[in-house]
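One structure below.
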Amino acid sequence: MITAIAAATLIISAADATDVVSIEPYEPQAFRAQVVVLIEAPIEEVFDAATGDVTGWWDHSFSLNPAEMVIEPVFGGRFYERLYADRNDGALHATVIYVDAPTKLTMNGPLGLSGRAVDLVSAWTLSEPELGGTEFTVDLSMAGEVDSDLASAVAGVWDHFIRERLKVYIEAGCHIDDAVECAAFASE
């Protein structure tokens, strides 16, 4: 497979070397990471807040003020960002490839890494520990144009999403009335 990629690069390079950036020597890389966060709320409540309209807690987008950020919790569903309320401009961040609500959701897509040769799978598992609340686990698997800096950044961003955004959003009660801006994030 790598040989075929190298041969294709040589053919393209010969056609117009000014438009091609060589990635040789290039070895596809991969990483796995896991984020585990305890959220003090029932599992159904956590799953519902983590899916559907996520603009209240998801804070990484292509637009400074996206019209919508939605994770459709159905197989084949989309995680998409609509840039403007009155237009169909936007981004498809991922596709839902598995869902068993309220305990599992798996998405495949580049998220904010559009334009890079990566394959990112984000698998969520929600469980109810004996002491109460919901344990929210994100298993990340990424392959392709990945280096250790990107791997660390992706794992850190997912920790931020779940620990610093979703957990705070739910525990502050912001998911109950998502029409009002979450006071927990007012200082940002």
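- Every residue two or more places apart in sequence or in another chain that forms a side chain to side chain contact (heavy atoms under 4.5 Å, CB included) with Arg163 is listed here: Val37, Asp159.
- Both Trp57 and Leu111 are part of a single hydrophobic cluster, where members link through side-chain heavy atoms under 4.5 Å apart.
- For the atom pair OG of Ser141 and CZ of Arg32, the computed distance is 3.5 Å after rounding to the nearest 0.5 Å.
- Glu40 meets the side chain to side chain contact (heavy atoms under 4.5 Å, CB included) test with Leu38, Glu171; sequence neighbours excluded.
- Once rounded to the nearest 0.5 Å, the distance linking CG of Leu166 with CD1 of Ile39 reads 4.5 Å.
- Applying the side chain to side chain contact (heavy atoms under 4.5 Å, CB included) criterion to Ala143, with sequence neighbours excluded, gives Ala30.
- From Ile97, atom CD1 reaches atom CG of Asn108 across 5.0 Å, with rounding to the nearest 0.5 Å.
- In this structure, Val121 and Leu140 have side chains that are not in contact, with every pair of non-hydrogen atoms separated by 4.5 Å or more.
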Intermediate values then yes/no, side chain to side chain contact (heavy atoms under 4.5 Å, CB included), Met142 and Val154: CA-CA 9 Å; Met142 186 175 190; Val154 169; 4.0 Å; yes
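- At least one side-chain heavy atom of His60 sits under 4.5 Å from a side-chain heavy atom of Val157.
- Evaluation of the side-chain hydrogen bond (donor to acceptor under 3.5 Å, both in side chains) rule for Gln34 yields Asp139 as partners, not counting sequence neighbours.
- For the atom pair CD (Glu68) and OG (Ser61), the distance works out to 13.0 Å, reported to the nearest 0.5 Å.
- Side-chain contact check for Asp59 versus His160: some heavy-atom pair is nearer than 4.5 Å.
- When all heavy atoms of Leu126 and Pro102 are compared, the closest pair comes out as CB-O, 3.5 Å.
- Residue pairs meeting the ring-ring contact (aromatic ring centres under 6.0 Å, His included) criterion with at least one member in residues 126-153, sequence neighbours excluded, are Trp124-Phe136.
- Here the closest non-hydrogen pair linking Leu83 and Gly90 is CG-CA, 3.6 Å.
- Atom CD1 in Ile176 sits 6.0 Å away from atom CD in Glu45 (nearest 0.5 Å).
- Leu150 CG to Leu113 CG: the interatomic distance, rounded to the nearest 0.5 Å, is 5.5 Å.
- Under the 4.5 Å side-chain heavy-atom criterion for Ile, Leu, Val, Met, Phe, Trp and Tyr, Leu105 and Trp158 are members of the same hydrophobic cluster.
- In Asn88, the CG atom is not crowded: 12 or fewer heavy atoms of neighbouring residues, nucleotides or ligands sit closer than 6.0 Å.
- When all heavy atoms of Gly52 and Pro73 are compared, the closest pair comes out as N-CD, 4.2 Å.
- Using a 4.5 Å heavy-atom threshold, the side chains of Ile162 and Val138 count as touching.
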Audit row: Gln29, Asp147, side chain to side chain contact (heavy atoms under 4.5 Å, CB included) steps and yes/no: CA-CA 7 Å; Gln29 301 292 314; Asp147 58 24; 5.9 Å; no
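- Clustering ILVMFWY residues whenever any of their side-chain heavy atoms sit less than 4.5 angstrom apart, transitively, puts Tyr80 in a cluster other than the one holding Phe161.
- Both Phe185 and Val54 belong to a single network of hydrophobic side chains, linked directly or stepwise wherever heavy atoms of I, L, V, M, F, W or Y lie under 4.5 Å apart.
- Note on Phe47: it clusters hydrophobically with Ile43, by side-chain heavy-atom contacts below 4.5 Å among ILVMFWY residues.
- Pairs engaging residues 89-102 under the side chain to side chain donor-acceptor pair (under 3.5 Å) rule: Glu81-His93, Arg87-Asp89 [sequence neighbours left out].
- Nearest heavy atoms, Glu72 versus Val96: O-CG2, 3.3 Å.
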Trace of the side chain to side chain contact (heavy atoms under 4.5 Å, CB included) decision for His175 with Tyr169: CA-CA 6 Å; His175 65 296; Tyr169 181 76; 3.6 Å; yes
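- Inter-residue side-chain proximity for Ile170 and Thr134 is flagged as unmet; no heavy-atom pair is nearer than 4.5 Å.
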